[in-house]
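So that the names make sense, note that chain A is the first sequence line, chain B the second, and so on, each numbered from 1.
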Amino acid sequence: REKIDAQGLAISGAEPTLVEVVQELGDVMAKKNIPTRRMKAVDRWYAFEEEGVPKQKTKWVKVRYPASSPALNISDCSKFKTFSHIFGDNRSFLELLLLKRKMKGPSWLTIKGATRVSEGNQITWASEEYSVDTYKSVTALPDTDHRPPPLTVMSLNMLTFLNESKKVNEIAAVTCVVNREVSMDGQVNNNAVTKWTAVRRLGDNVFPFDLEKVFRSKNCEVPRKEQTEKALLTGLMNEIERTDPDMLVGHNFMGFDLDVLLHRMAANGVGNWSRIGKMRLRQMPRLQSGAGGTGESTWEERAVLNGRLVADTYLLAREYLKESSYKLLRLAITQGLEGPSGPVTETMVEEEPFLDVAKELGSSEGIYKLVHWCDTKAVLALGLMYKMQIIPLTKRLTTLAGNLWSRTLTGSRAERIEYLLLHKFHLQKFICPDKARRKWAPKQNEDDEAEVGATAARGKPKYLGGKVLEPKRGLYTDYVLLLDFNSLYPSLIQEYNLCFTTVERSEQLADGSYADCPVPTEDQLVCDSCKHLLKQQTEDGKPRLKIEKGGSCLHRCLLPKAIKELVDSRGQVKKLLKAETDPQKKAVLDIRQKALKLTANSIYGCLGFQSSRFYAQAIAQLVTSKGREALTNTVEMVPKIDQSLDVIYGDTDSVMISTGMSGDVNAAIKMANLIKKDVNKMYRCLEIDIDGIFKSILLVRKKKYAALTLKDLAKGDNPDNVKQEIKGLDLVRRDWCPLSQKMSVQVLNFILSGRPGDEILDTINTYLAEMGDSIRNGKEDLKDFIITKSLTKAPEQYADRAVQPHVQVALRMKEQNLTVQTNDLIPYIVCEATSVNPDVLGLKADWDKSKLAMRAFHHDEVKNPATGLKPDLDWYLATQIHPPITRLCEHIQGMDSHYIAETLGLQASKYLVHTSSSTSSEPMAVYRYTTHSYDMDDEQRYEDCEQLQFDCGRCKAPVVISIKQRLYEAVEKLFQENMDPSSVGPMNFFTCEQCSTVVPLPKIYNTVLLKIRQHQQKYYSQCPQISTHPSKDAPHSTYTDQMFRHQLTYYISMFDFPNARDQVYNRLERKLLAPVRKSQPALFTQKQRSLNDLFQATINKTLPSELWIEDPLERKRKLVLRGEQLQKAEQLKEDLSVLTKMIRIRLQSCRRHYVNLGDLFANMGQRRPEEDGMKAKA
DNA sequence: ATGTTAGGTAAAGATT
DNA sequence: AATCTTTACCTAA
Ligand SMILES: [Mg+2]
Ligand SMILES: [Mg+2]
């Protein structure tokens, strides 16, 4: 503080003397009984967010006192007269040790003057324990001098079952797989593996007499047989004591096994429980509530393991692998791991959750099965740990940051960066930010408010991030260049010397963000004290320090320098990697470069992380703002380099540039290099690079695209050198059902195939029509309807759980004693409302089926025939299939939402709902689905359409040729006449009803064709007012393209037998049986049966559904019809298909045509994909 | 307690 | 009935 005069006023520019400060401080310390002998004045720097602390070299008072005294722990300095801040009064000894002794990562240590701690006073389980008087006795030795020792690694897995009466998880079997020779650089000696397996008896049961025999017959070692859970766990602790592993490995060990183990050891009174870690503990920590293993382990639980590294492969896989499921067996498949009996199969993945541990304990075969599972999972977790190279990678990361290895394994990135910066700033004599003090009192009070406010506030961004350009959507088949800045944010920090020490913080605004900070000037790169030295130097000529032009002094730009160090050493490692041929050494180098990259890339994130000690939002904001600037500048530069270039998209650090070139890749590469050179001229450190060249790209939305990219630019444009790359599309997201994904993949492949537009249209059209049929006919695998969503919290914690399908399913799973945890994937299928029967399913009677969540059921529930659940095919078509497919196709010539809907068999016209989304320029049509869409009355739907009229060639009577109508009338008549199903014969559709004269197919064909032409003319004669999205207010006087399509769809409906079949039956049942349904239930059932029989008989004689079986052999086998009748049926099917195909083709060409016209009249100024091709056609 | 922001999509509820 | 808002999920960078 400024010195205060006798009147209590601050004397400007004057400082209190050292004696005055020491006196005031000494008083405070004396009150806490802290010795005050060692205080001295020192020079220190400061660069962080605490206000009022000078940011140049300043005099500080340094206080040292023995660790045995309490922490000074002063949070409020306002009452002091001579000083305004105290730093480091609450620092942990561990942090001090690491910083003072410059210990960075695991290494050998030299310890001088250690004294042996007597056995009785040991605080650890170590065989020998020593103590030293001062941290100065400890010195770290670099690995280069001494080879690091091998680690003993123990993979631990256990099987549990729920004790229903006590509602707790009990442990039935445990496997430990131990390897004593795991090298820290990633090599494993698989000959050093031992296995320990124990299984216990259940209740009063005895072990089966033939247990040994069964195990021996399978050539399997007999497990240890324990009489009780207590004996099992005591045995396990003894085994851990004997092995004394350096590292424990387990899949979800932190989220399940640890808590269950501690619960059971507490419940059984296992005496040596603290052997699980290396510390001798007396007090069992506070455990989770509940059955054990229901969620994240508590802080105290983790502390039990102190002294051992823990590799939880579940958490590690989530951090280091990009997968859609992190179940151990799933990962085993995707990572190609092998268990003791070979690779993991799909069947194993499916069976695993259903293993009934308590039941299997009852037989020798069952116990064998359990032991095998238990062993397998222990082996797989270990294998997964090796595969991810956890030991070398985390060791490297730890060495870079200088934190604790055990903390790197639990994944806290922020802490790693904190330590990296702590080491750097400590070295230059900076005062570092203190760890935030835990606030005890207010937390309790604000709990409730925080809970409510937090959900909204937590995710809310505090400042602007990367820029995403609005994509110019569509399919591009010219070469598209992808240029991408290398490590944009780390590079910007270097480029502009962004550091805690250089960026002048601006005012914080009302919205929580900061006003734009200015980029540091050259003047700011040298601190005042160094400037002073420089000045002296020029005055007296004595060399003191050397700073290059534009360079910085030691006390500035520590952050950019730290990054530069990382980037430079990565460059060196990569160079070595290129030259290295030995695969093992190569792997080590690859890990090193990975660790360097990971560390550099996470630095920016930690600047913006609120709980970080080095939190500096203003700097984070400046980084992203410079990033946006770099992108914008690049976008503006590109067209200036060459007029033909067009930036079609860009995200944060990349631009995609359409070249208009095709055929000559080398020309495109040359162009890319030209752009690269020009952009890079602008920057000192920042560098843009060619990330790829696309042969074709479908640009769908921001962050959503698919492209064919050239694998190796040197190898040119040939089919072998092409790879598909998909980003963000629905089909890469696990929250869409596999059916939707598979269909999207197919459609996308067609689109990117590079075949002519017409061909693509036809292929997609046929495919969608086929799939639509197949889905409606129930031919698709039930598994393909499963939607998977993960729980982001415990199911009970969802405020709107009644409305979330996966939460509903999860809650039911819990009721059935299945373990459901946060982040678990919950699979569900949306079912028809009519098939959801609350009685059968044991749900509440007032189950509200209007909500989607109430129609969502687990695959196992739907699979079970007793539930009667059926997937809601209409919902799937309208919600899971139609929108994603539309998004892929809507920018393709001749495709739009309605067309796709029609092809899929969705009813368009009357069920159209428009919604607008603020982000997309065009409103997207959403097709409503109904549970009874087949009941839609076609007469009503097509009432606006022109009817088809034929006259009988002989009696001139009008002939109705509509499958629907004829079928309906025929069966109605049979029913009313009470006919016997066996006497029903085949129907004729193309005949006069009066005189039975056949109306020949060519006549029908030509009449339809003629009609279509008339409509076509009517349509084209109009001014080509193109409306791809017809709305209700479009004037009815004009004949719109939608009306035209509607007409054609009506024609198709006349000859579409499968569709007619389903509709007609529903209509018959409604009209003929509805009157008796309520009043006479018995009669209703009887009548329903006879109607159904008559209907089926008619169908079977006329056009049996087996005719649609694709495989000819199977079709022949299943068909009951024979001889002439079969021939007739086949002919009829063929005739109908000829007619519908013909109409469908018109429907397609209509679409193509009007889109072409539309483009002719559209604003030609704007460049469009495939422009050239289109002009030619037009 | 445990890196950041940007963005699309669906469903349901609230508001106009 | 149309439109806006909120919540949840998952992805890109
Ligand atoms: Mg990049
Ligand atoms: Mg990029």
Side-chain angles (χ1 to χ4, degrees), chain A residues 296 299 302 315 319 322 324 403 407-408 410-418 435-436 438 443 455-456 459-471 484-485 487-489 513 598-599 601-615 617 620-621 623-625 627-628 631 649-654 691 700-705 726-736 787-793 798-807 823 825-826 830 848 850-853 856 875 878-880 883-884 887 913-920 923-924 926 1032:
Chain A
E296 283 271 90
W299 185 84
R302 285 168 210 205
L315 295 173
E319 181 164 2
K322 201 184 145 194
S324 57
N403 59 330
R407 306 284 288 173
T408 304
T410 59
S412 125
R413 273 177 246 198
E415 200 181 69
R416 254 165 38 214
I417 302 303
E418 263 175 30
K435 239 174 152 171
R438 294 242 316 244
K443 212 189 167 185
T455 36
K460 222 170 90 188
K462 300 180 291 285
Y463 59 94
L464 285 182
K467 187 182 178 74
V468 185
L469 305 181
E470 191 57 51
D484 188 303
F485 285 108
S487 314
L488 179 69
Y489 290 165
S513 71
L598 278 173
T599 307
N601 282 347
S602 40
I603 287 178
Y604 152 73
C606 294
L607 291 177
F609 172 41
Q610 208 143 16
S611 317
S612 165
R613 276 163 84 171
F614 292 90
Y615 178 44
Q617 192 191 312
Q621 231 182 287
V623 172
T624 58
S625 135
R628 293 192 295 275
L631 182 63
Y649 180 58
D651 186 346
T652 312
D653 64 348
S654 67
D691 228 38
V700 178
R701 296 276 132 99
K702 282 181 173 179
K703 299 195 188 282
K704 286 173 190 259
Y705 58 87
I726 306 177
K727 297 283 185 193
L729 295 181
D730 299 324
L731 62 106
V732 300
R733 296 172 58 105
R734 62 171 180 216
D735 50 359
W736 292 88
I787 299 168
T788 339
K789 278 196 181 156
S790 72
L791 290 171
T792 51
K793 47 191 164 197
Y798 282 81
D800 56 349
R801 58 179 157 251
V803 134
Q804 301 288 353
H806 63 305
V807 177
N823 294 322
L825 295 178
I826 307 295
V830 173
D848 178 8
S850 70
K851 283 190 188 111
L852 193 64
W875 181 85
T879 318
Q880 289 273 312
R887 287 190 278 268
V913 180
H914 283 288
T915 61
S916 65
S917 90
S918 51
T919 44
S920 76
M924 170 103 179
V926 174
K1032 273 215 257 165

Peer 1: Between the side-chain atoms of A:Arg613 and the base atoms of B:dA1, is any donor-acceptor pair under 3.5 Å?
Peer 2: no
Peer 1: Once you apply a heavy-atom cut-off of 4.0 Å, does A:Tyr489 come out as touching a base, just sugar-phosphate, or nothing?
Peer 2: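 No contact at all - A:Tyr489 keeps every heavy atom at 4.0 Å or more from the nucleic acid.
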Peer 1: Which one, C:dA8, B:dT2, C:dC10, comes nearest to the side chain of A:Ser790?
Peer 2: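 Between C:dA8, B:dT2, C:dC10, the one nearest the side chain of A:Ser790 would be C:dC10.
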Peer 1: Go through B:dG7, C:dA13, B:dT9 for me and flag the one nearest to the A:Asp653 side chain.
Peer 2: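 So the nucleotide nearest the side chain must be C:dA13.
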Peer 1: Can you pull out how bent the helix from B:dT4-C:dA13 to B:dT16-C:dA1 is, comparing the axes over its first five and last five pairs, to 10°?
Peer 2: 30°
Peer 1: Between A:Arg801 and C:dA8, does any side-chain N or O lie under 4.0 Å from OP1 or OP2?
Peer 2: no
Peer 1: Nearest whole Å is fine: how far is B:dT9 P from A:Leu852 CG?
Peer 2: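 Taking atom P of B:dT9 as the reference, CG of A:Leu852 is at 18 Å.
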Peer 1: Among the nucleotides B:dA10, B:dG13, C:dC9, which one has an atom lying closest to any side-chain atom of A:Thr879?
Peer 2: B:dA10
Peer 1: So, A:Tyr798 and A:Thr792: side-chain donor and acceptor under 3.5 Å apart, yes or no?
Peer 2: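 The answer is yes; a qualifying pair exists.
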Peer 1: Write down the distance between CG (A:Leu607) and P (B:dG3), rounded to a whole number of angstrom.
Peer 2: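 Rounding to the nearest Å, CG of A:Leu607 and P of B:dG3 are 14 Å apart.
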Peer 1: Rounded to whole Å, please give me the gap between CH2 in A:Trp875 and P in B:dA12.
Peer 2: 10 Å
Peer 1: Pick from A:Leu607, A:Asn601, A:Ile603, A:Thr652: which one makes a side chain to side chain contact (heavy atoms under 4.5 Å, CB included) with A:Tyr489?
Peer 2: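 Single pass found, and it is A:Thr652.
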Peer 1: Atom CD of A:Glu319 and atom P of B:dG3: how far apart are they, to the nearest Å?
Peer 2: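 The answer, rounded to whole Å, is 8 Å.
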Peer 1: Of all the choices, C:dC9, B:dG3, B:dA1, which nucleotide is nearest to the side chain of A:Lys789 once you look at every atom?
Peer 2: C:dC9
Peer 1: Under a 4.0 Å N-O cut-off, is there an ion pair linking A:Lys435 with A:Glu418?
Peer 2: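 Looking at A:Glu418 together with A:Lys435, the answer is no, because their closest N to O distance does not fall below 4.0 Å.
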Peer 1: To the nearest 0.5 Å, tell me how far A:Ser412 OG sits from A:Glu319 CD.
Peer 2: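 A:Ser412 atom OG to A:Glu319 atom CD measures 9.0 Å (nearest 0.5 Å).
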Peer 1: Using a heavy-atom cut-off of under 4.0 Å over every strand shown, decide if A:Lys322 touches base, sugar-phosphate, or nothing.
Peer 2: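 Answer is sugar-phosphate: A:Lys322 comes under 4.0 Å of backbone atoms only.
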Peer 1: Quick one: is C:dC10 close enough that its OP1 or OP2 comes under 4.0 Å of any side-chain N or O from A:Lys703?
Peer 2: no
Peer 1: Closest to the A:Ser412 side chain: C:dT7, C:dA12, B:dT2?
Peer 2: B:dT2
Peer 1: Just to be sure I understand the rule, does A:Ser654 reach a base, reach only the sugar-phosphate, or reach nothing, if contact means heavy atoms closer than 4.0 Å?
Peer 2: nothing
Peer 1: Nearest of C:dA13, C:dA8, B:dA10 to any side-chain atom of A:Gln804?
Peer 2: C:dA8
Peer 1: Between P on B:dG3 and CD1 on A:Ile417, what's the gap in Å once rounded to a whole number?
Peer 2: 11 Å
Peer 1: So what does A:Gly465 touch, heavy atoms closer than 4.0 Å: a base, only the sugar-phosphate, or nothing?
Peer 2: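 Sugar-phosphate contact only - A:Gly465 comes under 4.0 Å of backbone atoms but never of a base.
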Peer 1: Can you tell me if the side-chain N/O atoms of A:Arg701 get under 4.0 Å from OP1 or OP2 in B:dT9?
Peer 2: yes
Peer 1: Reading DNA chain B from 5' onward, which residue's closest nucleotide shows up sooner: A:Arg733 or A:Lys435?
Peer 2: A:Lys435
Peer 1: What residues, two or more places apart in sequence or in another chain, satisfy ring pair (Phe, Tyr, Trp, His ring centres under 6.0 Å) together with A:Phe614?
Peer 2: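 Result, ring pair (Phe, Tyr, Trp, His ring centres under 6.0 Å) vs A:Phe614: A:Phe48, A:Phe500.
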Peer 1: Both A:Lys467 and A:Ser602 contact DNA chain B. Which one's nearest nucleotide lies toward the 5' end?
Peer 2: A:Ser602
Peer 1: Between the main-chain N or O of A:Gly728 and the side-chain N or O of A:Lys704, is there a donor-acceptor pair closer than 3.5 Å?
Peer 2: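 Side chain of A:Lys704 to backbone of A:Gly728, a donor-acceptor pair under 3.5 Å: yes, one is there.
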Peer 1: Nearest heavy-atom pair of A:Lys462 and A:Ser513: which atoms, and what distance?
Peer 2: O-CB, 3.6 Å
Peer 1: Looking at A:Cys606 and A:Arg413, what are the two nearest heavy atoms and their distance?
Peer 2: SG-O, 4.3 Å
Peer 1: Write down the distance between CG (A:Leu488) and C1' (B:dA6), rounded to a whole number of angstrom.
Peer 2: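 It works out to 15 Å between those atoms.
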Peer 1: What I want to check is whether an N or O donor and acceptor connect the side chain of A:Arg302 with the base of B:dT2 at under 3.5 Å.
Peer 2: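 Answer is yes: a donor-acceptor pair is held.
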Peer 1: Please confirm whether the shortest side-chain N or O distance from A:Thr624 to OP1 or OP2 of B:dT5 is below 4.0 Å.
Peer 2: no
Peer 1: On the nucleotide C:dT11, are OP1 or OP2 found under 4.0 Å from the side-chain N or O atoms that A:Lys704 carries?
Peer 2: no
Peer 1: Of the candidate nucleotides C:dA13, C:dT7, B:dT2, which contains the atom at the shortest distance from the side chain of A:Phe609?
Peer 2: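 Per side-chain heavy atoms of A:Phe609, the pick is B:dT2.
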Peer 1: Please tell me if A:Arg887 has a side-chain N or O lying less than 4.0 Å from either OP1 or OP2 of B:dA10.
Peer 2: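 For B:dA10, OP1 or OP2 has a side-chain N or O of A:Arg887 closer than 4.0 Å.
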Peer 1: Tell me: CG of A:Asn403 to C1' of B:dG3, nearest whole Å?
Peer 2: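 My rounded result for the distance is 14 Å.
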Peer 1: Choose from B:dA10, B:dG13, C:dT11 the nucleotide whose nearest atom is closest to any side-chain atom of A:Arg734.
Peer 2: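 The listed nucleotide nearest to A:Arg734's side chain is C:dT11.
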Peer 1: What's the closest nucleotide to the A:Thr652 side chain, out of B:dA6, C:dA13, C:dA12?
Peer 2: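 Looking only at side-chain atoms, A:Thr652 lies closest to C:dA13.
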Peer 1: When all nucleic acid strands are considered with a 4.0 Å heavy-atom cut-off, which category describes A:Tyr705: base, sugar-phosphate, or nothing?
Peer 2: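 A:Tyr705: backbone/sugar contact only, no base atoms under 4.0 Å.
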Peer 1: Just compare B:dT4, B:dG3, B:dA12 and give me whichever is closest to any side-chain atom of A:Ala414.
Peer 2: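 Given the options B:dT4, B:dG3, B:dA12, the side chain of A:Ala414 is closest to B:dG3.
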Peer 1: I need the NE2-P distance between A:His806 and C:dA8, as an integer number of Å.
Peer 2: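 Going from A:His806 (NE2) to C:dA8 (P), I get 9 Å.
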Peer 1: Check side chain to side chain contact (heavy atoms under 4.5 Å, CB included) between A:Lys467 and all other residues, then give those that pass, not counting sequence neighbours.
Peer 2: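 By the side chain to side chain contact (heavy atoms under 4.5 Å, CB included) rule, A:Lys467 matches A:Leu469, A:Arg628, A:Leu631, A:Thr632.
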Peer 1: Closest heavy-atom contact between A:Pro883 and A:Ala878?
Peer 2: CD-O, 3.2 Å
